[in-house]
Amino acid sequence: MDGNSLSVIKLKNILLVTVPDDPGDDTIQELQNKVLNAIEKYESKGLILDISNVNILDSFFARTISETTQMVALMGGQTVIAGMQPAVAITATELGLHLGKAISTLDVDKALDIFTDNFKTV
Amino acid sequence: MGCENTGECHIGSEGDIVTCRKVIRNVATAAGFGMTDVTRIVTAVSELARNVYVHAESTGMMRWNILQQPGKVGIELIFEDQGKGIADIDQAMEAGFTTANSMGMGLSGVKRLMDEMLISSELGVGTTVRVVKWGRIK
Ligand SMILES: Nc1ncnc2c1ncn2[C@@H]1O[C@H](COP(=O)(O)OP(=O)(O)OP(=O)(O)O)[C@@H](O)[C@H]1O
Ligand SMILES: [Mg+2]
């Protein structure tokens, strides 16, 4: 399946994951496992989920993102969701979905800014 | 390569949820629905197909039909299973109600995404969910 296409990229103390356009439940589950393992391994301070390719976000996906955000927070990291397509944002809102404590940004660049700004103030 | 006006997909595994989404994305796009409506329709498919897979405890089918009416086009989706059924449909439609320790957002959300929604169910016999989305012909 498309599960193998999922890679976690380490950028200094941040992790970047690009989610494929139509992720199956197995891919989403794999994302959670890979992210948590990588956070532990690299002691990352942040996670950027690039969802700019994603064209469907249903309740299962939202629940897993919200859960992952919470787990990442328990391990001391902040999650940023980057690049949600307008049609996906409209649909997710109408469906009544929440992404928990994740921060959202327009794109990955702005997500990176959040981490750089945070580090300056620390 | 034009799309058929009717068709069906089997729902028996997690992978079938993705297959149903892909099929309906193509069908709805070919029928002329815009990007946002296609996303609404595909998201509804994901919720209803997953409900069959997770809750019915049996396999099921998704059938789709393109509906033609003067000035508008519709997509009708029927999800049918011979599973355990729903005890109280009004309660199942309430946001937050779940028997699976989930979020209980699926059915109430689908109602907002689609224009028509009808559920019929009998305990031990099965469940049928019919939804329709209408769009204007450009
Ligand atoms: N096809 C079905 N067969 C049997 N029961 C169903 C079916 N579809 C829905 N239900 C029942 O209706 C309840 C509400 O469904 P709904 O999709 O709103 O929430 P959920 O699936 O529990 O959670 P979520 O969709 O947020 O993950 C389910 O918990 C289940 O009890
Ligand atoms: Mg559901």
Side-chain angles (χ1 to χ4, degrees), chain A residues 1-6 18-34 49-71 81-102 104 106, chain B residues 11-26 28-29 33-55 77 79 92-98 100-115 117 131 133 135:
Chain A
M1 295 281 299
D2 54 353
N4 295 330
S5 65
L6 200 79
T18 303
V19 186
D21 61 349
D22 192 348
D25 295 5
D26 50 347
T27 307
I28 294 168
Q29 208 56 59
E30 184 199 335
L31 182 150
Q32 184 174 78
N33 295 337
K34 279 195 174 173
L49 283 181
D50 176 5
I51 61 164
S52 57
N53 294 322
V54 170
N55 53 31
I56 161 134
L57 199 164
D58 64 2
S59 62
F60 181 80
F61 193 5
R63 184 154 56 97
T64 312
I65 290 184
S66 148
E67 249 177 44
T68 308
T69 304
Q70 211 172 333
M71 292 170 183
I81 312 283
M84 189 183 295
Q85 292 176 16
V88 172
I90 293 168
T91 302
T93 307
E94 288 175 356
L95 195 59
L97 299 181
H98 303 277
L99 298 181
K101 292 198 171 68
S104 293
L106 213 50
Chain B
I11 305 168
S13 71
E14 217 169 68
D16 291 337
I17 301 171
V18 177
T19 308
C20 287
R21 294 199 307 230
K22 288 202 157 90
V23 168
I24 295 305
R25 176 175 299 278
N26 289 336
T29 306
F33 283 97
M35 180 73 164
T36 307
D37 275 342
V38 169
T39 308
R40 289 185 175 110
I41 293 163
V42 173
T43 305
V45 166
S46 194
E47 295 298 334
L48 296 176
R50 181 172 289 105
N51 276 358
V52 171
Y53 174 67
V54 173
H55 301 301
L77 300 159
F79 293 81
M93 286 295 300
E94 279 171 26
F97 177 82
T98 178
N101 198 17
S102 190
M103 297 191 302
M105 296 305 298
L107 292 178
S108 57
V110 168
K111 191 172 169 57
R112 282 190 295 272
L113 294 176
M114 303 298 278
D115 295 324
M117 182 168 183
V131 290
K133 186 81 187 169

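All heavy atoms count here, side chains included; hydrogens, waters and symmetry mates do not. Chain letters run A, B, ... following the sequence lines, proteins first and then strands; every chain starts at 1.
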Salt bridge (charged side-chain N to carboxylate O under 4.0 Å, His left out) partners of residues 39-49 of chain B, not counting sequence neighbours, each pair once: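 Only A/Glu94-B/Arg40, B/Asp37-B/Arg40 qualify under salt bridge (charged side-chain N to carboxylate O under 4.0 Å, His left out).
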Using the side chain to side chain donor-acceptor pair (under 3.5 Å) criterion, which residues pair with A/Gln29? Sequence neighbours excluded.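 By the side chain to side chain donor-acceptor pair (under 3.5 Å) rule, A/Gln29 matches A/Gln32.
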Results of side chain to side chain donor-acceptor pair (under 3.5 Å) for B/Arg50 - residues two or more places apart only: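 Result, side chain to side chain donor-acceptor pair (under 3.5 Å) vs B/Arg50: A/Asp25, A/Asp58.
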Might you point out which heavy atoms bring A/Ser52 and A/Asp50 nearest each other, and give the distance in Å?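 The answer is OG-OD1, 2.7 Å.
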Contact summary for B/Leu113 and B/Ala44, nearest pair of heavy atoms: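 For B/Leu113 versus B/Ala44, the nearest heavy atoms are CD1-N, 4.2 Å.
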Report, in residue-number order, which members of residues 60-67 of chain A are under 4.5 Å from chain B by heavy-atom distance.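 A/Phe60, A/Arg63 fall under the 4.5 Å cut-off.
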Is there a donor-acceptor pair under 3.5 Å between the side chain of A/Lys34 and the backbone N or O of A/Leu6?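 Pair found, side chain donor or acceptor close to backbone of A/Leu6.
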Highest number of heavy-atom pairs under 4.5 Å with chain A: which of B/Val110, B/Thr36, B/Val38?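 Option with the top pair count is B/Thr36.
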